[in-house]
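Structure first, then comments.
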Amino acid sequence: MRLLHAVASMDPQQGGVAQAVRTIIVGLTPFGDLSEVVSLDAPAAPEIQADSFRLHTLGPGRGPWRYSPAFLPWLLENLSRFDAVIVHGLWLYHSYAVHKAVRQLQGQSSVAGLKKRNMPGLFIMPHGMLDPYFQRASGRRLKAWRNWAYWHLIEAGVVNESTGLLFTCETERLLAHEPFTPYRPQRELVVGLGVEAPPPFTPRMQEAFLATCPALHNRPYLLFLSRIDEKKGVDLLINGYKVLFRQLAKDAACGARAAGLGEGSTSLPFACAEMPTLVIAGPGLNSPYGQRLRQAAAELPASAVFFPGMLTGAAKWGAFYGCEAFVLPSHQENFGIAVVEALACSKPVLITDKVNIWREVVANGCGLVADDTLTGTQELLERWINSPSAQKKLMGQRALDAYQNNFGIAAAAKTLSEALKSMNQ
């Protein structure tokens, strides 16, 4: 099949959708499915120039809706080259434009006496954007009203008139039924989302990562690697860490006094002697939320929390391979590509039950799960710290098995390829 992927942005810093599209294309290629991508990015955007597939950048999109006057004309001229078009994500101009272009071409075909099957099938992959979290979160009330109005004006037609909706997991499909009415998609299919196997570990990866935070040395650490965003619960992670840190420091001080050591004794290590360091990596540190996180972390010793920024390439994999465990206390996570990347590196994951693949993590015994609250996050950290070394090692072994059995790229790509072919007939 010839496939067109329509997406708002292929910039990796914009979140997981761009990475998901890249992974899907890699997985589909061995099945003979040829992909092109059309996006609202600016043509000269340097961060998206290294891709091997054909990329049409028709932006930059203007305003919060990312409107581009070149997008719809390009679709009308080119859609007939494809067997199917997959719209990745909702709520922006690209989904509206694709829906409008398909309807317009279908109308022209009807007038010309052509069959509808000669038109590309339209598939929507929401990537979690129909999750009720976005309508219920207290800090999103204005956006929730906007989405409600936009749903009734535009997006309900995009969803309900498409050939089918594609979901990354069963939890995402079930949650999509909750926030909006009328919600009547013609077809729903869970196709999964595979993640490419990481490159094998090399010492260069460790060197590249440690170069981003040299003061870390070789100390054990927990890794958060994602966008620095309130939805990700990074504030819960830092504040939960602070509570445990202070408790351990207090216990250490009491133990030192009981042993006859003075308050200033060099035998009294700070709490991280028992507690792994936190590494919080990702874009967004310069946002107001990111600055608040830095201020909160400043209440701890300088060597307790590191903010290396966005990690890519060897440094990213070095961070994964070197950590004790990966932690993501997210309030909403459709799939969690970074969670799966950690599993693929044989690392246990500490996540909330708002990460939609949490059931798979529990079933495979490859991590710990708790509520997306301060208490829950503190519990995650405490349970991990108090787990015996043998149990941590076993979770790491099970992590790789979970990746291979549930999240490998080939199985998910095969499911998607077969689904597109069957529903497009």
Side-chain angles (χ1 to χ4, degrees), residues 1-7 10 16-39 51-56 75 78-90 94-95 98-99 101-102 105 115-130 158-159 161-173 176 185-198 334-337 340-341 343-344 356-357 360 402-425:
M1 294 182 70
R2 293 191 65 87
L3 302 175
L4 177 65
H5 302 263
V7 62
M10 291 299 288
V17 174
Q19 180 58 44
V21 173
R22 290 181 169 92
T23 301
I24 288 169
I25 291 173
V26 169
L28 288 173
T29 301
F31 296 97
D33 299 311
L34 303 178
S35 295
E36 297 181 26
V37 176
V38 59
S39 79
D51 294 306
S52 58
F53 51 82
R54 191 175 181 185
L55 173 61
H56 308 276
L75 291 170
N78 288 274
L79 274 183
S80 60
R81 296 194 291 112
F82 300 95
D83 300 301
V85 54
I86 304 177
V87 174
H88 295 272
L90 296 167
H94 73 295
S95 63
V98 173
H99 176 245
V102 169
L105 288 172
K115 295 180 180 179
K116 275 190 176 181
R117 63 183 175 87
N118 290 331
M119 292 297 100
L122 170 58
F123 299 89
I124 307 296
M125 199 164 190
H127 292 279
M129 295 183 191
L130 291 176
V158 174
V159 168
E161 296 174 17
S162 66
T163 308
L165 264 64
L166 308 173
F167 296 101
T168 59
C169 60
E170 178 65 13
T171 300
E172 182 196 4
R173 187 189 72 81
Q186 297 183 41
R187 294 281 299 276
E188 293 179 302
L189 192 65
V190 176
V191 296
L193 181 62
V195 173
E196 287 187 88
N334 175 53
F335 182 80
I337 291 177
V340 177
E341 289 178 329
L343 295 175
N356 284 351
I357 60 171
E360 287 85 348
Y403 164 73
Q404 293 173 337
N405 295 332
N406 295 275
F407 305 114
I409 190 171
K414 181 181 179 182
T415 300
L416 176 57
S417 181
E418 291 175 350
L420 292 173
K421 290 177 174 69
S422 64
M423 289 197 292
N424 208 43
Q425 291 176 352

Legend entry - Value rounded to 0.5 Å, distance of CG in L416 from CD1 in I86: 5.0 Å
Legend entry - Non-hydrogen atoms of K414 and F31 that approach each other most closely: CB-CZ, 3.4 Å
Inset, instruction - Answer yes or no: is there a side-chain heavy-atom contact under 4.5 Å between F167 and E188? - result: yes
Legend entry - Separation of I409 CD1 from L28 CG (nearest 0.5 Å): 8.5 Å
Legend entry - Distance in Å, I337 CD1 paired with T168 OG1, rounded so as to fall on 0.5 Å steps: 9.0 Å
Legend entry - Under 3.5 Å donor-acceptor, T163 side chain and F123 backbone: no
Legend entry - With sequence neighbours excluded, residues passing salt bridge (charged side-chain N to carboxylate O under 4.0 Å, His left out) with R187: none
Inset, instruction - Evaluate the side-chain proximity of L4 to N78: yes if any heavy-atom separation is below 4.5 Å, no if none is. - result: no
Inset, instruction - For L343 and E360, run side chain to side chain contact (heavy atoms under 4.5 Å, CB included): C-alpha distance rounded to whole Å, both residues' side-chain angles, the deciding distance at 0.1 Å, then the answer. - result: CA-CA 11 Å; L343 295 175; E360 287 85 348; over 6 Å; no
Legend entry - Trace of the side chain to side chain contact (heavy atoms under 4.5 Å, CB included) decision for S95 with I124: CA-CA 8 Å; S95 63; I124 307 296; 5.7 Å; no
Legend entry - Which atom of N356 lies closest to which atom of C169, heavy atoms considered: CB-SG, 3.6 Å
Legend entry - Closest contact, heavy atoms only, G194 versus A412: N-CB, 3.2 Å
Legend entry - Whether E36 side chain and F53 backbone form a donor-acceptor pair below 3.5 Å: no
Legend entry - K421/E418 ion pair, N-O < 4.0 Å: no
Legend entry - Spatial distance of atom CE (M10) from atom CD (Q19) [nearest 0.5 Å]: 8.5 Å
Legend entry - S417 side chain to A413 backbone, donor-acceptor under 3.5 Å: no
Inset, instruction - Measure from the side-chain N and O atoms of D83 to the backbone N and O of R2, and report whether any donor-acceptor pair falls under 3.5 Å. - result: yes
Inset, instruction - Answer yes or no: is there a side-chain heavy-atom contact under 4.5 Å between V7 and V17? - result: yes
Inset, instruction - Please work out whether the ring planes of H5 and H88 are parallel, tilted or perpendicular, with thresholds of 30° and 60°. - result: parallel
Inset, instruction - Apply side chain to side chain contact (heavy atoms under 4.5 Å, CB included) to V85 and L75, showing your working. - result: CA-CA 10 Å; V85 54; L75 291 170; 5.8 Å; no
Legend entry - Taking every non-hydrogen atom, the tightest pair across A6 and H94: O-CD2, 3.5 Å
Legend entry - By salt bridge (charged side-chain N to carboxylate O under 4.0 Å, His left out) - contacts of E341 (at least two apart): K316
Legend entry - CE-CG distance between M125 and L193, expressed to the nearest 0.5 angstrom: 5.5 Å
Inset, instruction - Nearest 0.5 Å please: distance from the OG1 atom of T171 over to the CD1 atom of I357. - result: 10.0 Å
Legend entry - V87 side chain reached by V158 side chain, heavy atoms, under 4.5 Å: no
Legend entry - Minimum heavy-atom distance S162-Q186, with the two atoms named: O-NE2, 3.3 Å
Inset, instruction - Mind running side chain to side chain contact (heavy atoms under 4.5 Å, CB included) on V159 and L90 for me, showing each step along the way? - result: CA-CA 9 Å; V159 168; L90 296 167; 4.3 Å; yes
